[in-house]
**Q** 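Would you mind keeping the following structure in view while I ask a few things?
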Amino acid sequence: MTQRLRLKKNADRRLKAGHLWLYSNEIDIAETPLKGFEPGAQAIVEAANGRAMAVAYVNPNALLCARIVSRDTEVMLSRSLLVHRFKQALALRERLFARPFYRLVHGEGDLLPGLVVDRFDDVVVVQLNTLGMEKVRDEIIDALNKVLSPRVIVLRGDTAGRRLEQLDEHVEIVQGELDGPVALEENGVRFETDVVGGQKTGWFFDHRDNRAWLNTQVAGKRVLDVFSYIGGWGVQAAVSGASEVVCVDASAPALERVTSNAALNGVEDRVSTLQGDAFEVLAQLKAADEQFDVIVLDPPAFIRKRKDINVGERAYGKLNREAIRLLGRDGLLMSASCSMHLASDRLIDVVRGSARHQDRHAQLIYQGHQGGDHPIHPSIPETAYLKAMGVRIFRD
């Protein structure tokens, strides 16, 4: 018999509003002690009066102790529900994109908290970020085969979410074989990436729309792509007519891929790379009196936890200041953040302050966020994590 998870009085308000998370301080532990649940087990969530409200999977050892997977208390997280959710997710992506390169499942945004699936045509890369999703690993693989029949399925079990849930870390090809990089296409530009050893799932689909906008602004410009990874911004800029692109990253293998991706698109003569710490490279470029028309800042999350906000904001400030020093008299800064704890208005303030620090003017001409294959759950502000600001930086 399925266990029950009883909420305290009035603790069902967020659940009624559509939220998918329950915290341990919302549980009536006198009625349903959390220690009585096997980690990862599913349970029926009840209001304080005993009314069944939803199905969730439970991790009794975490502050975020339960995640909702179904509002129908007769429907558990199973192969059948996964097939249904995958079909719902696929319908959205097929509405948005002509080619099969996108995030297929975006956790809470697709009502499957703890699960991420990125699609590279007939190769899918899966992240099982929670114990609850790890428990239905085989059902997830079966459901993907039912809905997509992919040639290759890769499990990237090397995420921060797994570490938080004390799950083992490993990367595994669970179906098919890979004999090299995987191809993808974004905004009409071709790339190859390593989905086994690369960052995250091998690619960052979330900036697709922001890159598309920047592509309209770079013709004839000298572009600096900082934290370039394998050239998502920089190679597209070159294909879009930039006169020169310099890609900066700390990873030598990533920069080797920049070079090969530039060659793949016939723009290798206009793309060069610099390896090193971003802050150090920016300082070196300034010392060399280098100047750029367009600079892209797409760093990793400087704020991973709420307690890191002050330190993280200072890091974003320093990064933007150093970049603005390298912009010409009338330049364009694309400043991005994937830190969910950094609000859009704070990033605007960081860029404003950085411009004023250099006695420059700033005009915000573009604001972007994650693409439609990373849907935002309207009840969960944390799912709206990505910010991208296109800012004209100029002097009097």
**Q** Whether the side chain of N187 engages the backbone of V189 through a donor-acceptor N/O pair (distance < 3.5 Å, no angle test) should be reported.
**A**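 A pair under 3.5 Å: no.
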**Q** Spell out, yes or no, whether M76 and L22 are grouped together once hydrophobic residues are joined by side-chain heavy atoms under 4.5 Å, including indirect joins.
**A**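 They do not share one cluster, since no chain of ILVMFWY contacts under 4.5 Å joins M76 to L22.
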**Q** Hydrophobic clustering (ILVMFWY, side-chain heavy atoms < 4.5 Å, transitive) - are L104 and V147 grouped together?
**A**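 Yes, V147 and L104 fall within the same hydrophobic cluster.
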**Q** Please find out if less than 6.0 Å separates the ring center of F302 from that of Y316.
**A**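 Under 6.0 Å, so yes.
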**Q** Do we see a donor-acceptor contact under 3.5 Å between the side chains of Y385 and S339?
**A**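 No, no side-chain donor-acceptor pair sits under 3.5 Å.
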**Q** Answer with yes or no after comparing the ring centroid distance for Y229 and F191 against a 6.0 Å cut-off, counting only values under it.
**A**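 Centroid separation for Y229 and F191: 6.0 Å or greater.
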**Q** Are any of the side-chain nitrogens in D308 or K305 under 4.0 Å away from the carboxylate oxygens of its partner?
**A**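 No, D308 and K305 are not salt-bridged.
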**Q** Evaluate side-chain contact (heavy atoms from CB on, under 4.5 Å) for D138 paired with I140, printing each intermediate quantity in order.
**A** CA-CA 5 Å; D138 292 345; I140 288 168; over 6 Å; no
**Q** Are W21 and E108 close enough that a side-chain donor and a side-chain acceptor fall under 3.5 Å?
**A**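 Their side chains do contain a donor-acceptor pair, which is all the 3.5 Å distance test asks for.
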**Q** Do we see a donor-acceptor contact under 3.5 Å between the side chains of H106 and D373?
**A**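 No.
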**Q** Determine, for D110 against R93, whether the closest basic-nitrogen to carboxylate-oxygen distance falls under 4.0 angstrom.
**A**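 Salt bridge: yes.
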**Q** Under a 3.5 Å cutoff, is there a donor and acceptor pairing between the side chains of N61 and Q166?
**A**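 No pair is found: no donor N or O on one side chain lies under 3.5 Å from an acceptor on the other.
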**Q** Side chain to side chain donor-acceptor pair (under 3.5 Å): which pairs involve residues 112-122, sequence neighbours left out?
**A**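 Counting only pairs at least two positions apart or across chains, the side chain to side chain donor-acceptor pair (under 3.5 Å) contacts touching residues 112-122 are Y102-R119, R103-D118, D118-T201, D122-R151.
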**Q** Verify, without hydrogens or angle tests, whether N261 (side chain) and E192 (backbone) share a donor-acceptor contact under 3.5 angstrom.
**A**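 Side chain of N261 to backbone of E192, a donor-acceptor pair under 3.5 Å: yes, one is there.
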**Q** Does any N or O in the side chain of R190 come within less than 3.5 Å of the main-chain N or O of L264, such that one atom is a donor and the other an acceptor?
**A**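 Side chain of R190 to backbone of L264, a donor-acceptor pair under 3.5 Å: yes, one is there.
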**Q** Side chains of D396 and H361: do they bring a donor and an acceptor to under 3.5 Å?
**A**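 Judged by distance alone, the side chains do pair up.
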**Q** Would D330 and R392 count as a side-chain contact (heavy atoms from CB on, under 4.5 Å) here? Give the steps.
**A** CA-CA 7 Å; D330 189 350; R392 181 192 186 201; 2.9 Å; yes
**Q** Under the 3.5 angstrom rule, does the side chain of T2 hit a backbone N or O of A43 as a donor-acceptor pair?
**A**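 Not at all, since once roles are kept as given, no pair shorter than 3.5 Å links the two residues.
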**Q** Do any N or O atoms from the side chain of K387 and from the backbone of L342 form a donor-acceptor pair under 3.5 angstrom?
**A**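 Judged by distance alone, yes, a pair lies under 3.5 Å.
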**Q** Start with the C-alpha distance between R99 and E185, add both sets of side-chain angles, then the distance that settles salt bridge (charged side-chain N to carboxylate O under 4.0 Å, His left out), and finish with yes or no.
**A** CA-CA 8 Å; R99 304 294 306 280; E185 186 181 296; 2.9 Å; yes
**Q** Any side-chain heavy atom of H374 sitting closer than 4.5 Å to one from F205?
**A**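 Yes, side chains in contact.
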**Q** If you measure from the Lys or Arg side-chain nitrogens to the Asp or Glu carboxylate oxygens, is any gap between E290 and R325 under 4.0 Å?
**A**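 A salt bridge is absent here (no side-chain N lies under 4.0 Å from a carboxylate O).
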**Q** Decide side-chain contact (heavy atoms from CB on, under 4.5 Å) for L115 and V117; before the verdict, give the C-alpha distance in whole Å, the side-chain angles of both, and the deciding distance to 0.1 Å.
**A** CA-CA 7 Å; L115 179 65; V117 182; 4.2 Å; yes
**Q** Ignoring hydrogens and geometry, is there a side-chain-to-backbone donor-acceptor pair from R4 to E46 under 3.5 Å?
**A**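 Here the side-chain-to-backbone pair does not exist.
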**Q** Are E165 and N129 linked by a side-chain donor-acceptor pair shorter than 3.5 Å?
**A**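 E165 vs N129: no donor-acceptor pair found between side chains.
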**Q** Closest approach of D249 and A254, non-hydrogen atoms and distance?
**A**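 Closest pair (atom of D249, atom of A254, distance): OD1-CB, 4.1 Å.
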**Q** Please confirm whether the backbone N or O of W213 pairs with a side-chain atom of T216, one donor and one acceptor, at under 3.5 Å?
**A**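 Confirmed, T216 side chain pairs with W213 backbone.
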**Q** Would you mind telling me which of L333, D289, V226, L282 makes a side-chain contact (heavy atoms from CB on, under 4.5 Å) with L326?
**A**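 Between L326 and the candidates, side-chain contact (heavy atoms from CB on, under 4.5 Å) is satisfied uniquely by L282.
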**Q** Side chain of E322, backbone of A283: donor and acceptor closer than 3.5 Å?
**A**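 Not at all, since once roles are kept as given, no pair shorter than 3.5 Å links the two residues.
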**Q** Are R156 and W203 in a cation-pi contact, defined as NZ or CZ under 6.0 Å from the six-membered ring centre and within 45° of the axis?
**A**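 Negative - R156 is either too far from the ring of W203 or too far off its axis.
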**Q** Backbone N or O of Y23 within a donor-acceptor pair of the E26 side chain at under 3.5 Å?
**A**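 Checked: pair present.
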**Q** Between the main-chain N or O of D168 and the side-chain N or O of R162, is there a donor-acceptor pair closer than 3.5 Å?
**A**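 Confirmed, R162 side chain pairs with D168 backbone.
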**Q** When you look at I380 and L20, which way does the side-chain contact (heavy atoms from CB on, under 4.5 Å) test go after all the steps?
**A** CA-CA 8 Å; I380 308 177; L20 303 180; 4.0 Å; yes
**Q** Let me confirm one number: the SG-OH distance from C65 to Y57, rounded to the nearest 0.5 Å.
**A**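 That separation rounds to 12.0 Å.
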